[in-house]
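In this chain, residues are counted from 1 in sequence order. We count ligands from 1, going down the list as the structure has it; atoms in each ligand are counted the same way. These numbers were taken from a predicted model, which means no experiment stands behind them. Heavy atoms only: backbone and side chains are in, while hydrogens, waters and symmetry mates are out.
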Amino acid sequence: MSYPFKISSEEDYRKAWNKSVKDPEGFWDGVASSFLWRKKWDSVLEWNFKDPDVKWFSGGKLNITENCLDRHLGLLGNQPALIWEPNDPEGHHRVLTYRDLYNKVIQFANVLKNNGVEKGDRVCIYMGMVPELAIAVLACARIGAVHSVIFGGFSAQSIADRLQDAQAKYIITCDGASRGAKEIPLKNVIDDALVQCRFVERVIVLTHTHTPVSMIKGRDVWWEDEIKKVETMGNPDCPAEEMDAEDPLFILYTSGSTGKPKGVVHTCGGYMVYTTYSFVNVFQYEPGDIHFCTADIGWITGHSYILYGPLGAGATTMMFEGIPTWPDAGRFWDIVDKYKVNILYTAPTAIRSLMGYGLGPIHGHKLDSLKVLGSVGEPINEEAWQWMHDNIGKGKCPIVDTWWQTETGGIMISNMAGITPAKPTYATLPLPGIQPVLVDEEGNEIEGNDVSGNLCIKHPWPSIIRTTYGDHERCRQTYFSTYKDMYFTGDGCYRDAEGNYRITGRVDDVLNVSGHRIGTAEVENAINMHAGVIESAIVGYPHDVKGQGIYAYVIYDHPHSGDENLTRQDITQTVTRIIGPIAKPDKIQFVSGLPKTRSGKIMRRILRKVAEGETENLGDTSTLLDPAVVEEIKKGRI
Ligand code: PRX
């Protein structure tokens, strides 16, 4: 397969970027033309950021699965589309060719139809990293149902919140998921969630771990039984539903600075174009390359760079069920050698955790198939960058540091492997089509180089968030109202003398823990649910492996009369129950009060400094209601 939009030199990059700024519509018209459309668009772009109202390829008709599957059958039908490596290194791996994947998607799309799923219905997918997860996602897209994948680490309560928000009547899950030595009873978690969600009509359950489950009559069905029914119908075809470019493709929930996660909505046409375009260019994908993105499909990285981007490009994509440190810290390197992986796209937190095991687990591995390494999810520190460069890439693989977000749908700022220069800890330059700007607190654009500011994007790109599900005003407020006529990312950023961008971290109350976005308000709400807790405040602090750790200051009812550690465990358990294990505080400090201004606002700046270990220069504390509380907090630091 050829990619007419592929950039192949630095000069090409400059030219493409300049064209994309001078004539964005002409630029994207060109890129989109190499995809398969049932009907061409009437207009490339209609937009305003005030409402916001952004429409790409308006009037265009397509189905993303025809681009990811059907159109490859002729040339690539027998090529591997998806390679699956199980959690258990002794287990059977699976290779699905484009033809296999197509057949399985068609079959499961018919299962969905038989179970009453229609175009526009929301389908929640809560599965482990098994090939059927990819099949379920694509089957939804095939029939125009809107998928909403929920990461396997979220609790029953989080699932219930999301199901209610999306009003999802259909669920696809597994009996259980395997993650390292652990087994997660997914169906049980779903059952707990459904106590609150009576509107759910059907739960389709895949057998995977053989974890015992309770199947509710009339509501729950086995995946395998439903497949058999389609087989007895003679495996009929399932023509792709014709979708408008702006019809929703999926909802993915993500945390913000308020308590409730928001459902980021992406649409069919623009998302399809941007994910494949960015995949090919950033990783410089060449036909035949094996691409291994280690993310979970429960996050946007898995959506865009395990599934849609690579499949749109006719690539071979890998899916790994396990974790990098089980049964030992050589697991990634075993996989790279076993499948001759060419592109490895992972997260700084994984690298940092593997660095902790030293070079031993790398020894005995060739790693000579690797051509490109990638990093995503959080700023990569220089040490991790260098370690990856020297020990994994053996000094010869470019590392792409890709900055983007759930809301952006695809990679926005990144070097292009071997084409534009890398600079450790810098995401470097925007992709053609992306216009980043730095602004000051008042929203004035900060021009020139060697400057810092809040990162915004000036002009729409095809995979920009369209709305937050069920609450468009929230989308406007969060992303488009802080600065006029710009999309606000929530990140702080530095632009160096050469114009390279370096992301410095969130400027809002959002933490980034092991590359996962966690809203402080969400965690505080969960802690406050615990009996005995009067109030709490969460801040991030630097953590060697996770990037940021969660530090909780908690005012507790009967001050530590009992066992403090037991209380800590109870609070942690409450957070696990309300949100999930990913939001567990790393440190809990009991305090008698929180530093508040006279208007009652918590001064997080002070809490952050204490958590970071800075107890001297806490800045101006004169506006505090009770400055004495700061002394106590400093003394009690953990
Ligand atoms: O703060 C930035 C950080 O992750 C945030 C987006 O999180 P999420 O929507 O969960 O998506 C993660 C995967 C795309 C951003 O606002 N972030 C992501 N990539 C980078 C990064 N920070 C620095 N460098 C990156 N390469």
Return the residue, atom name and 0.1 Å-rounded distance of the protein heavy atom closest to [atom].
atom	result
atom 6 (C) of ligand 1	Trp404 O, 3.6 Å
atom 13 (C) of ligand 1	Thr301 OG1, 3.4 Å
atom 19 (N) of ligand 1	Gly377 N, 3.2 Å
atom 23 (C) of ligand 1	Pro379 N, 3.1 Å
atom 1 (O) of ligand 1	Asp491 OD1, 2.7 Å
atom 7 (O) of ligand 1	Arg517 CD, 3.2 Å

Heteroatom proximity flag, Thr489 to ligand 1, N/O under 3.5 Å: no

List ligand 1 atoms under 4.0 Å from [X], heavy atoms only on the residue side.
X	result
Asn512	3 (C), 4 (O)
Val376	13 (C), 14 (C)
Thr402	19 (N), 20 (C), 25 (C), 26 (N)

Strictly by modelled atom types, are Thr402 and Tyr345 linked by a side-chain donor-acceptor pair under 3.5 Å? yes

Would you tell me whether Thr276 and Tyr3 have side-chain atoms, one donor and one acceptor, within less than 3.5 Å of each other? no

Which bit of Gln405 gets closer than 4.0 Å to ligand 1, counting heavy atoms only: side chain, backbone, both or neither? both

Below 4.0 angstrom, N of the basic side chain to O of the carboxylate: do Lys6 and Glu286 qualify? no

Is the gap between the ring centers of His303 and Tyr271 under 6.0 Å? no

Among Ile380, Thr408, Leu252, Thr406, closest by any non-hydrogen atom to atom 11 (O) of ligand 1: Thr406

